[in-house]
**Q** 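What follows is a structure written as structure tokens; I'll ask about it next.
We're numbering straight along the sequence, starting at 1.
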Amino acid sequence: MSKSLLILGGTGFIGKHVARRAIKEEYETYILCRNIPKIDEKIKGCKYLQCDLTNSDNMKITKNYKFNYVINLSGDILHSDFRNGGKSVIDIHLNALINLLSIMPRDNLLGFLQIGSSDEYGDSPAPQIENQKEKPFSSYSYAKFAATHFIQYLNRAECFPGKVLRPFLIYGPGQDEDRLIPYVIKKSLNNEIIQISSGNQLRDFLYIQDAVDVIFLALVNDNLNGQIINIGSGNPVKVKYIVEKIIANIGLGKAVYGNRELRKGEIINLYPNIEYAKKILSWEPKISLEDGIKKLITIMKE
């Protein structure tokens, strides 16, 4: 029996990995994006739909399809203040979701997976757990928080088959090189100075393969409808540990700590309790941080 899947944000880092897995698992896979990628950047087997979800007049294309599953990975990770670009961040993450669900047919919809953010917790005490009160501190974290509660509202009021995964830090091949782990690897491979903040932040890093595994488990699990599920490795480490581990593996580069300021509102201790994901999905991460770093170093060398 054929099963159709729509991926919002399928041209991004996580989205590309999700799309490749979907093709392997024989989903009829569609990617909805603002700009159709070049031919050599397209994933074989995927069908691309061009649409700007922030423009409700531009969404008629979504009326023509009845998808079985949807994974929402759309939006940009921007931490702008509300009056300096934050409103557009809210449009991209929240209003786009509202626009989509106001027009997309639900006749055949079996599962809708919203990908949230660990930033929704704000400075709630770590390890963050799903039933904690959220404390969004930026336009981005507020938009993600509001989208989470919009999905839960639809589930309560209309039995909408939506659920929310809250990933912490996901890393792996294809990630932008301004993100911590690929940034440090690139600088180290080039034997350059690596500018880092104090490095005392506690963070949780999950390899992309483990993240994709849990995404597909959650997508088809009806017992999760209306719920929030944390995903991460369950093994927090200091940023400084990551940097030194990469430098030791490569044998090049030098870290200088304290030369970069913390991002405004940055949380020092941000790492999840993942016991609920383990229990309800019978899932555990398979790739250790050490092995994941080695895998990524090998790929970036090539």
**Q** Under the side-chain hydrogen bond (donor to acceptor under 3.5 Å, both in side chains) criterion, do Asn235 and Ser233 qualify, and how do the steps go?
**A** CA-CA 5 Å; Asn235 295 301; Ser233 72; 4.5 Å; no
**Q** So, Thr54 side chain and Ala96 main chain: donor-acceptor pair closer than 3.5 Å or not?
**A** no
**Q** So how far is it from Leu289 CG to Ile181 CD1, rounded to the nearest 0.5 Å?
**A** 6.0 Å
**Q** With a 4.5 Å heavy-atom cut-off, do Tyr183 and Gln175 have their side chains touching?
**A** no
**Q** What I want to check is whether the side chains of Glu120 and Thr148 have a donor and an acceptor closer together than 3.5 Å.
**A** yes
**Q** Do you know the tightest heavy-atom contact between Ser188 and Ile247?
**A** OG-CA, 3.9 Å
**Q** Do Arg203 and Tyr271 form a cation-pi contact, if we require the NZ or CZ to be under 6.0 Å from the six-membered ring centre and within 45 degrees of the ring's axis?
**A** no
**Q** Kindly assign one of parallel, tilted or perpendicular to the pair Tyr27 and Phe216, based on the angle between their ring planes and the thresholds 30° and 60°.
**A** tilted
**Q** Is the backbone of Asn155 close enough, under 3.5 Å, to the side chain of Asn225 for a donor and an acceptor to pair up by distance?
**A** no
**Q** Check whether the ring centres of Tyr69 and Phe112 lie less than 6.0 Å apart, and answer yes or no.
**A** no
**Q** For Tyr153 together with His149, are the ring centres under 6.0 Å from each other?
**A** no
**Q** Is it the case that one hydrophobic cluster holds both Ile267 and Val237, taking links as side-chain heavy atoms less than 4.5 Å apart, direct or via other members?
**A** no
**Q** Asp176 versus Arg179: any side-chain heavy-atom pair under 4.5 Å?
**A** yes
**Q** Under a 4.0 Å threshold between the charged nitrogen and the carboxylate oxygen, would Glu134 count as salt-bridged to Arg166?
**A** yes
**Q** Distance from Leu32 atom CG to Tyr48 atom OH, nearest 0.5 Å?
**A** 12.0 Å
**Q** So Leu113 and Ile115, do their side chains get closer than 4.5 Å, heavy atoms only?
**A** yes
**Q** Using the six-membered ring of Tyr121, assess whether NZ or CZ of Lys135 lies under 6.0 Å from its centre and within 45 degrees of the ring axis.
**A** no
**Q** Within the side chain of Asn108, is there an N or O that forms a donor-acceptor pair under 3.5 Å with the backbone of Asn68?
**A** no
**Q** Set out, in order, the CA-CA distance, both residues' side-chain angles and the distance that settles side chain to side chain contact (heavy atoms under 4.5 Å, CB included) for Ile151 and Arg156, then state yes or no.
**A** CA-CA 9 Å; Ile151 293 294; Arg156 287 191 300 269; over 6 Å; no
